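Below is one structure, written out as structure tokens, with a few remarks after it.
These figures come from a predicted structure and were not determined experimentally.
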Amino acid sequence: MHDIRALRADPAAFDADLARRGMDPVAQQLVSWDEERRQVQTALQEKQARRKALAREIGGLKRTGEDSSALEAEGIEIRAEMEILERRVADLEGQTAEILASLPNRLDASVPDGLDEAANVVQHVWGTPKEFSFTARQHFELGEALGLMDFGTASKLSGARFVVLCGALARMARALGQFMLDQHTDENGYVETQVPVLVNDAAMYGTDKLPKFADQSFRTEDGRWLIPTAEVPLTASIAGDILDALTLPRRMTALSQCFRSEAGSAGRDVRGMLRQHQFEKVEMVSVTTPEESEDEHERMTRCAEKILEKLGVSYRRVLLCAGDTGFGAAKTFDLEAWLPGQAAWREISSCSNTRDFQARRMNARFRPQGGAPAFVHTLNGSGLAVGRTLIAVMENGQNEDGSITVPEVLRPYMGGLERIG
RNA sequence: GGAGAGAUGGCCGAGUGGCUUAAGGCGCACGCUUGGAAAGCGUGUGUACGUUAAUAGCGUACCCAGGGUUCGAAUCCCUGUCUCUCCGCCA
């Protein structure tokens, strides 16, 4: 959601940002609606003031038993006039809100131009992309050969894009989730949180998943949504609040199941568990003041990077270009892990600063010392996607005989197991 | 799933159509008082939008949300949401 006053103040800059995302200008239309809205609203408020005065006068006359029929007639007239003005204000506000809600966030100045991922900018690479003396296998080849990753049974149960893990791989998935949570709570200052995975419209709208991405999410028959990410309940937890500035930054982390319909991605990553309808993810959410959000973004991204470093998986940090930056984000860093089996960098985390974009949609504010309430900034990042991390650990830790070496940091979570298979 | 009760400001709480500009209390802030504190006294104490150079004033709206009745709604009517109590079922 955007501030109509900011748009009014500099319509050209607003449209220029939209153009960077490949979108048509809208400012002129919105500004003219806003101008009319303010005029009509002022006229309406004058009528309301008159109605108020009339009601008080009539009340006085009635108490003393005097005739008030002339004033009551004026009241009827005023009500009719107000109805027209009210409808016009509601129409203008509705139209404006509908468009504002459908527009993506303003981009940070540091976001590079470009319409797709080809224009993303690699910031740095950690580690050396692993190479093997033998032909590296993909995770599903490894997992199926070990008998611990079963897509056939999953399709029997649920259909395509699901998986059944068992034995040591199931345990490794659990170990990864525990390891990540422990890191974020013990080392990184996030508060562990358990959240509902079914949420209402308001939570989805506030975190900018509605109205635009309704077709990417699953909806229950009673009108709730399966969360596409724990970002939704974690961030929406502060909806409508005015937080004490002293409690910021607020950092929360959650391990949750995530659900995505993957509509429109037919044919992409159909093999293996890279792209599933249901997956586990450890999410980080930070709520900060506007002054702190940029530093927090860097801090959060580092928290995600450190997980990969401890797991010994080579990765690179990518600054997304304008066209690839998500709807709600002002700026996004993706972390891409090296997958030797695919011989490719694949997204394993995405850390975004939404600034006040979500805060406006959910009306989440803080009170600066002695000042008026202001919108908080919200940030979210994967720390990390558990299923994809499992893939990375499998492919990077594979041995020629098809066994998988368990990263040292995970061994305490796996009963000391050093090797799978 | 069934039955009932409720939702008023930061908190408690009064309020069954106009005399409510939401009483009163608590909390909080500031001031007076004091050697200092407490007590006491006084003043103030929300959000949004409009107007405006203004975070000064002024205006409008807001008593869970959305509709309706009325000259006039916290108050009456309808719908929804949430909370609580009891019964049933249940990990």
Between A:Arg365 and B:rA48, is there a side-chain N or O to OP1/OP2 distance below 4.0 Å? yes

Which of B:rU51, B:rC49, B:rG72 is nearest the side chain of A:Arg79? It is B:rG72

Any strand, both distances under 3.5 Å, Watson-Crick or G-U wobble: B:rG36 pairs with none

ask   = When the P atoms of B:rC64 and B:rC11 are considered, how many whole Å apart are they?
value = 13 Å

Notebook entry, point to check: Mind checking the C1' distance from B:rG24 to B:rC82? Whole angstroms is fine.
Noted result: 28 Å

Pairing partner of B:rC63, by Watson-Crick or G-U wobble and under 3.5 Å for both distances, is none

Would you please say whether a donor-acceptor pair under 3.5 Å links the side chains of A:Lys310 and A:Gln183? yes

Sorted by position of nearest nucleotide on RNA chain B, 5' first, the leading residue of A:Ile242 and A:Ala73 is A:Ile242

(request) Could you work out the separation of B:rC84 and B:rC32 based on their C1' atoms and round it to a whole Å? (result) 46 Å

Rounding to the closest angstrom, what is the interatomic distance between B:rU21 and B:rA74 at atom C1'?
14 Å

Whole-Å distance, A:Arg51 CZ to B:rC71 P, equals 12 Å

Scanning all shown strands, the Watson-Crick or wobble mate of B:rA74 with both distances under 3.5 Å is none

Note to self: Can you confirm whether the side chains of A:Ser293 and A:His377 place a donor and an acceptor under 3.5 Å from each other?
What the structure shows: yes

Inset, instruction - In whole angstrom, give me the gap between the P atoms of B:rA29 and B:rG15. - result: 31 Å

Checking N1-N3 plus N6-O4 or O6-N4 for Watson-Crick, or N1-O2 and O6-N3 for wobble, each under 3.5 Å, the partner of B:rC84 is B:rG4

Side chains of A:Thr405 and A:Asn399 only: does a donor on one sit below 3.5 Å from an acceptor on the other?
yes

Next on the checklist: Is A:Lys52 close enough to B:rG72 that one of its side-chain N or O atoms is under 4.0 Å from OP1 or OP2 there?
Outcome noted: no

Between CD1 of A:Ile58 and P of B:rG17 the distance, given in whole Å, is 18 Å

Scanning all shown strands, the Watson-Crick or wobble mate of B:rC19 with both distances under 3.5 Å is none

With the side chain defined as heavy atoms from C-beta on, A:Gln45 is closest, among B:rC49, B:rG46, B:rG18, to B:rC49

By the Watson-Crick or G-U definition, both distances under 3.5 Å, B:rC41 is matched with B:rG31

Original post:
Expressed as a whole number of Å, how far does the C1' atom of B:rC19 sit from that of B:rA38?
Top reply: 41 Å

Q.
Please give the distance between the P atoms of B:rG67 and B:rC30 as a whole number of Å.
A. 42 Å

To the nearest angstrom, the CZ-C1' distance between A:Arg38 and B:rU60 comes to 16 Å

- May I ask you to check if A:Arg361 and A:Tyr205 form a cation-pi contact, with NZ or CZ under 6.0 angstrom from the six-membered ring centre and within 45° of the axis? yes

Donor on one side chain, acceptor on other, A:Thr354 and A:Thr378, under 3.5 Å
yes

The Watson-Crick or G-U wobble partner of B:rC11, with both key distances under 3.5 Å, is B:rG25

Answer for the Watson-Crick or wobble partner of B:rU69, both distances under 3.5 Å, is none

Whichever of A:Leu71 and A:Glu93 has the more 5' nearest nucleotide on RNA chain B, that residue is A:Glu93

Span that lies between the P atom of B:rG25 and that of B:rG44, in whole angstrom
14 Å

